[in-house]
Amino acid sequence: MESPTTLLLTRSEVAGLLSMAECIAAVESVFKDYAEGLVPPPGLLGFHAPTGGFHLKVASTGQKRGFFAAKVNSNFPGNPKDHGLPTIQGVIALFDLECGRLLALMDSGGITALRTAAATGVAAKYLAREDAATAAICGCGVQGRLQLEAVHQVRPLTGVHCFDQDPSRADKFAREMGQKLGIPVRAAAQLATATMASDIIVTCTPARQHFLGPAQVRPGSFIAAVGADNPEKQEIDPALMGQATVVVDNLEQCRTIGDLHHAIEAGVMSAGQVAADLGGVVAGKHPGRRTREEIIVFDSTGTALQDVAAAAIVYQRALERPTGTVQLGA
């Protein structure tokens, strides 16, 4: 009998194994499976540190696909400036769901970034107007770039506006993404200039105080609120949450760590007023957009369902190519 092996995959190796289109399809599929009861609920454990935090997320793809993943990530927003390190660092352990064998250990940074953007792509596919053609990206870091790519995959854009508290970052984003996507991308000096000219709005910042409110959003907008992934972070004014149709990636997570959490604390809505979770929309159990004028907020906190779906593709592509270092089992 051959010794079991475990693949070890670095960040650069992972980056060459997962495309945005594949990731969007995988995330869409796993959300649908979850809504249909084919996948158990994901789990989350958080731990705070003085200048950042850690979380452990676990999920499986269910018996149909046969994978289990556990992701340990650190999130330290000051890393790029203070230490020359990525904000997010971590590892995903991928297991065979049937026998528990450790299949792979892979860097989680690229997967986390891509699967976060992929969820926005899925949400935009189902919740943005079909004729949506303009987007505003609020936060011009790595995640902002991926968010724009994901949106452009499902709603081909004719124009983009970008905003960042650091105008030089917005200018650089506009130059680079305009060249990469072949569409006009313009840096905005004011947030409202970007959002009021856009059908789709993505907020992907480390903000701890809401900055997007009702006066900065036009009727019919789709908003992907991506930045709030712990109880201290907030991007969306509770007043806007209370007025909008709210769709979540995972209700229990969003009521604890998302912008929904702040809206509930402010007393403008309850968890029971959430229209749907994304899986239910994908599976056809809940309606997506009902009117052209409806403002829809997708509260995206990031679930382990996305991690395991993306990690499974990375593992399968690594076997096909092959890629990665093979570590023999004991």
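All residue numbers in this chain count up from 1 along the given sequence.
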Does Ser29 reach the main-chain N or O of Ala25 with its side chain, forming a donor-acceptor pair under 3.5 Å? no
Can you say whether the rings of Phe67 and Tyr315 are parallel (under 30°), tilted (30 to 60°) or perpendicular (over 60°)? perpendicular
Rounded to the nearest 0.5 Å, how far does CG of Leu148 lie from CD1 of Ile183? 6.0 Å
Test log, rule side-chain contact (heavy atoms from CB on, under 4.5 Å), inputs His161 and Thr193: CA-CA 8 Å; His161 304 271; Thr193 303; 5.7 Å; no
Is the closest side-chain donor-acceptor distance between Ser108 and Asn73 under 3.5 Å? yes
So, the side chain of Asp249 versus the backbone of Thr301: is there a donor-acceptor pair under 3.5 Å, distance only? yes
What's the shortest heavy-atom distance between Ala49 and Phe76, and which atoms? CB-CZ, 3.8 Å
Not counting sequence neighbours, which residues clear side-chain hydrogen bond (donor to acceptor under 3.5 Å, both in side chains) with Glu28? List them please. Lys125, Tyr126
Is the side chain of His152 donor-acceptor paired with the backbone N or O of Leu157 at a distance under 3.5 Å, no angle test? yes
Contact summary for Ile24 and Gly121, nearest pair of heavy atoms: CD1-CA, 4.5 Å
Under 3.5 Å donor-acceptor, Asp33 side chain and Leu38 backbone: no
Any idea which heavy atoms bring Thr245 and Glu294 closest together, and the distance? OG1-OE2, 2.7 Å
Got a donor-acceptor contact below 3.5 angstrom from the Asp164 side chain to the Arg169 backbone? no
Just wondering, do Leu9 and Leu17 contact through their side chains at under 4.5 Å, heavy atoms? yes
Does Gln316, at its CD atom, have more than 12 non-hydrogen atoms belonging to other residues, nucleotides or ligands within less than 6.0 Å? yes
Just verifying a value: how many Å separate Gln63 CD and Leu97 CG, rounded to the nearest 0.5 Å? 5.0 Å
Would a single hydrophobic cluster contain both Phe31 and Phe222, if residues Ile, Leu, Val, Met, Phe, Trp and Tyr are joined by side-chain heavy-atom contacts under 4.5 Å? yes
Could you go through the side-chain contact (heavy atoms from CB on, under 4.5 Å) check for Asp259 and Met241 one step at a time? CA-CA 8 Å; Asp259 275 295; Met241 295 287 287; 4.1 Å; yes
So do Asp107 and Thr10 actually touch side chain to side chain, heavy atoms under 4.5 Å? no
Between SG of Cys138 and CG of Leu191, what distance do you get to the nearest 0.5 Å? 4.5 Å
Test of understanding: with side-chain hydrogen bond (donor to acceptor under 3.5 Å, both in side chains), list the residues that count as partners of Gln234, not counting sequence neighbours. none
Side-chain heavy-atom pair Leu103, Leu7 within 4.5 angstrom cut-off: no
Any side-chain heavy-atom pair from Asp237 and Pro214 closer than 4.5 angstrom? yes
Are Leu44 and Phe54 in one and the same hydrophobic cluster, where Ile, Leu, Val, Met, Phe, Trp and Tyr link if side-chain heavy atoms are under 4.5 Å apart? no
Between Asp307 and Lys71, is there a salt bridge with N-O shorter than 4.0 Å? yes
Can any side-chain N or O of Gln253 pair as donor or acceptor with the backbone N or O of Gly302 at less than 3.5 Å? yes
With hydrophobic residues grouped by side-chain heavy-atom distances under 4.5 Å, do Val297 and Val268 end up in a single group? yes
Do any N or O atoms from the side chain of Asn79 and from the backbone of Pro86 form a donor-acceptor pair under 3.5 angstrom? yes
When you look at Val39 and Thr61, which way does the side-chain contact (heavy atoms from CB on, under 4.5 Å) test go after all the steps? CA-CA 6 Å; Val39 173; Thr61 57; 5.5 Å; no
Would you please test Asp96 and Arg101 for salt bridge (Lys or Arg N to Asp or Glu O under 4.0 Å) and show each step? CA-CA 5 Å; Asp96 185 306; Arg101 183 166 73 85; 5.5 Å; no
Heavy-atom closest pair (Thr203 atom, Ala225 atom, distance to 0.1 Å) is OG1-CA, 3.3 Å
More than 12 heavy atoms of other groups within 6.0 Å of Gln190 CD: no
Inter-residue atom distance Met106.CE - Leu18.CG, 0.5 Å rounding: 10.0 Å
So do the side chains of Arg155 and Glu130 get within less than 4.5 Å of each other, counting heavy atoms only? yes
Return the CZ to SG distance between Arg115 and Cys23, rounded to the nearest 0.5 Å. 9.0 Å
Applying the 4.5 Å side-chain criterion to the ILVMFWY set and letting contacts propagate, would Ile137 and Leu114 be lumped into a single cluster? yes
Report the C-alpha separation of Glu149 and Lys180 in whole Å, then their side-chain angles, then the decisive distance to 0.1 Å, and conclude whether the salt bridge (Lys or Arg N to Asp or Glu O under 4.0 Å) test is met. CA-CA 10 Å; Glu149 287 185 40; Lys180 182 173 184 177; 2.7 Å; yes
Can a donor-acceptor pair be found, under 3.5 Å and without considering hydrogens, that links the side chain of Arg317 to the backbone of Gly16? no
Side chains of Leu260 and Met269 in contact at under 4.5 Å (non-hydrogen atoms): yes
Derivation and outcome, side chain to side chain donor-acceptor pair (under 3.5 Å), residues Gln147 and Thr120: CA-CA 7 Å; Gln147 291 285 326; Thr120 295; 2.7 Å; yes
Around atom NZ of Lys32, are there more than 12 heavy atoms of other residues, nucleotides or ligands at under 6.0 Å? no
Is Met196 reachable from Val185 through a run of I, L, V, M, F, W or Y residues, each pair having side-chain heavy atoms under 4.5 Å apart? no
Determine yes or no for a side-chain-to-main-chain donor-acceptor pair under 3.5 angstrom, with Thr158 supplying the side chain and Ala133 the backbone. yes
Could you measure the distance from the CG atom of Leu240 to the CD atom of Glu235? Nearest 0.5 Å is fine. 12.0 Å
Would you mind reporting whether Ile223 and Ile295 have side-chain heavy atoms less than 4.5 Å apart? yes
For Asp199 and Asp131, which heavy atoms make the closest approach, and how far apart are they? OD2-O, 4.4 Å
Short question: side chain of Arg145, backbone of Cys140 - any donor-acceptor pair under 3.5 Å? yes
Does any non-hydrogen side-chain atom of Pro42 lie less than 4.5 Å from one of Lys57? no
Smallest heavy-atom separation, Ala197 atom then Thr134 atom, equals O-OG1, 3.3 Å
Given side-chain contact (heavy atoms from CB on, under 4.5 Å), test Asn250 with Tyr34 step by step and report yes or no. CA-CA 10 Å; Asn250 180 275; Tyr34 177 60; 3.9 Å; yes
